[in-house]
Amino acid sequence: MINFGSGNTVIKSKLISRRMFILTAAKTIVFCGIFGRLVSLQINEATKYKTLSDKNRFREWKLAPQRGIIRDYFDKEIASNEKVYQLHITPENSPNLETLFFRLKTILNLTDKRIFYLKRKIAKQKPWEPIIVSDNLTWSEFSRINLFLHELPGVEPIVSVARQYPDQSTAHLVGYVSQVSQKDLQNKQYLKDMSVGIAVGKTGLENKLDKDIIGKVGFQRYEVNAFGKRIKQIQVDPGESGKNYRTTLDLDVQKYTSEILEEKAASVCVMDIYNGDIITMASSPSFDPNSFVHGIDKTYWKELISNEKKPLNNKAIAGLYPPGSTIKIIVALSALENDVWNPKRYLNCSGVTELYGEKFHCWKKKGHGPMNMRSAIQRSCDVYFYEVARLLGVDRLSETAKKFGLGKKVLDGFIEERAGVVPSTAWKRKFIGKNWYLGETLHSGIGQGYFQSTPLQLCLMTAQIANGGFEIKPRVLVNNNKNNLRNYIKFKNENPNEPLPIDMLVSNFDLKPLFRNQENINFVKDAMFAATNEAGGTSFRSRYNDQKFMFAGKTGSSQIKRFTELQRELEIKQKDIEYKDRDHALFVAFAPYSDPKYAISVVVEHGGTGSGSAAPIAKKVIKKVLERDQLRENVKNLTGEEI
């Protein structure tokens, strides 16, 4: 008899054993997985989760650093910091924001528009991040806030610092700061780690130096509970103040110049002819840079942008003007350097010359009579320079003009600076798409036509002629770059046939002469002396008889509207023309003539004539600069600066 029951039992036993094995294996795999994950979490990723834990446990609030100080050459502050009273709100610490804003509205007279803006800002950020309700409270407002502080949960009165500009005369050069914009965040990568509400440089030196002058952000670290409430302060890092800077500017000269330019649309630049130090760079009218620090008032903003004299425009580096007759010194130099003209050659000026049926007039209706190059510069004869320019050609003139600083930006890092225009045949084909005409060369020969220059470029042009024809680079910040150009020129003048000493040869190794024959430079300087100090010179009335202040210069007037034949016949004066139609007045010079140290350029918009408007201003500024020259030398000797 066969026992079927025992067979089924064996089969069932094997089936159960197989299932137990699979279940045990699955448990083992799960256990190993869990164990492995625990090992990973506890060991491999311990740092990560500790950091996440700390982020929940600790919170950091960034602290805005103190901006660096900017000083003038004599250590007077021209951009500093002042104590200000601010009001911050931390939304998470206020149980009812509506009630809080209602109380603040009555205490500080907040407008509904301002409250709406603050609510929108709160909605966009984390609840523990503070917002600035006001960054410039009066002492009275600050006191009232502190008086009612027990009724204002979430409110924190803060004593902070903000930018201050002691004098408006430096507004264009120094620039101003204001709150960070979206454009700033896109253009300046270093701002991404900065604190909310920090002020950044917008123009001038404030913008140029922003990365280093802004400082290093600090922070406050607090331990918080599960609801984000502060329990205790763990750490405070005040950050680092920004780097301080000393400029080449003389604040006394800057203020004096600005006073002279008051009520005018004008610019004055003064430069050391050996190292490029900018002594003054004034633009008028000016504006109050302090008004931008805490947000500019709409009324004042409209006043600034509607002013026809454009106070926000830094005319020294962003104002473009035809150089007028000041370009004649470059035309003369270029003609001599290229051997296309003999300076002793006489040309008769009858007041007008013709080219292919077109008349080209001299500023003097009846003409100057026989002129050589020296007298043509002295009396600023247009007819003479029409002919010089015709033989020279615009391309050779363009080459010389660019060599001496025209048609290019000359200051590093100033976003508002403009390059200007030095025309040539290639330039016209590229930008206008037309061929050059000979008549345009004649216009260029007297600084009209397509020529566009900034006052600083004209100052640099004059400085490089005054120093004997050597290239210099304008600078606003004091640095330790070696420059022994003055010593080099002094040695060569006193020892024309002697070789240079080794130390002087090494220190002037990178000196770049801009001339082929230095006698041509000397000729131009002598002609400029005649224009100011000899009878008949266009700036003769502005001369000094005292050798200490004697200067050599060249006047200029740049037309902005064509003079009609009727006006010419009636001999209409500039003062009788409507203001907007008058010529711009220009003047360039260097001083003192016997031992040149400084170059100056003056541009007065719609000033009429260079001799009547620009030269008298230059006369006053030159005297002020030379009176303070010894003080500047004393500082150089004291600090051991290279000159």
Side-chain angles (χ1 to χ4, degrees), residues 1-65 88-98 118-132 153-154 156 180 182-198 211 214-240:
M1 184 175 179
I2 300 172
N3 188 355
F4 292 101
S6 62
N8 289 337
T9 301
V10 172
I11 293 170
K12 286 181 181 180
S13 177
K14 289 182 178 179
L15 183 62
I16 290 170
S17 297
R18 191 180 299 115
R19 287 176 179 175
M20 287 296 294
F21 174 79
I22 293 171
L23 185 60
T24 303
K27 286 180 179 179
T28 304
I29 291 170
V30 170
F31 176 78
C32 290
I34 292 172
F35 181 78
R37 182 59 179 160
L38 286 173
V39 169
S40 175
L41 290 173
Q42 293 287 338
I43 300 174
N44 298 339
E45 298 187 37
T47 304
K48 173 185 173 182
Y49 287 100
K50 186 178 184 301
T51 302
L52 290 172
S53 174
D54 285 346
K55 280 186 177 180
N56 288 327
R57 184 183 168 200
F58 301 111
R59 296 263 170 83
E60 282 186 1
W61 282 264
K62 292 179 180 178
L63 300 175
H88 296 194
I89 288 179
T90 306
E92 69 174 4
N93 293 337
S94 178
N96 192 324
L97 284 174
E98 290 294 335
L118 291 171
K119 286 179 178 178
R120 284 183 59 190
K121 194 170 182 181
I122 289 171
K124 292 179 180 178
Q125 64 183 43
K126 296 178 178 67
W128 60 81
E129 291 182 346
I131 65 162
I132 299 174
E156 190 174 1
V180 179
Q182 195 61 40
K183 186 177 179 181
D184 291 325
L185 292 173
Q186 291 172 356
N187 296 336
K188 300 179 177 181
Q189 296 298 316
Y190 56 89
L191 291 177
K192 290 184 178 179
D193 295 326
M194 293 288 175
S195 57
V196 177
I198 198 167
K211 186 175 182 179
I214 203 168
K216 183 182 177 182
V217 173
F219 63 86
Q220 290 177 321
R221 181 176 291 169
Y222 288 88
E223 185 176 353
V224 297
N225 62 18
F227 300 100
K229 299 287 185 182
R230 298 181 188 181
I231 299 173
K232 64 178 179 179
Q233 184 172 286
I234 302 299
Q235 186 180 359
V236 177
D237 181 351
E240 293 179 12

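Here, residue 1 is the first one in the sequence, and each next residue gets the next number.
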Task: Set of residues satisfying side chain to side chain donor-acceptor pair (under 3.5 Å) with respect to Glu98, sequence neighbours excluded - done: Lys119
Task: CD1 on Ile29 to CD1 on Ile34, rounded to 0.5 Å - done: 12.0 Å
- [ ] Report yes if the side chains of Ser94 and Thr90 come closer than 4.5 Å at any heavy-atom pair, otherwise no.
- [x] no
Task: Set of residues satisfying side chain to side chain donor-acceptor pair (under 3.5 Å) with respect to Asn96, sequence neighbours excluded - done: Thr99
Open item on the list: I need the Ile132 CD1 to Ile89 CD1 distance, nearest 0.5 Å.
Closed with: 11.5 Å
- [ ] Would you name the heavy atoms of Pro65 and Ile214 that are closest together and state the gap between them?
- [x] CG-O, 3.0 Å
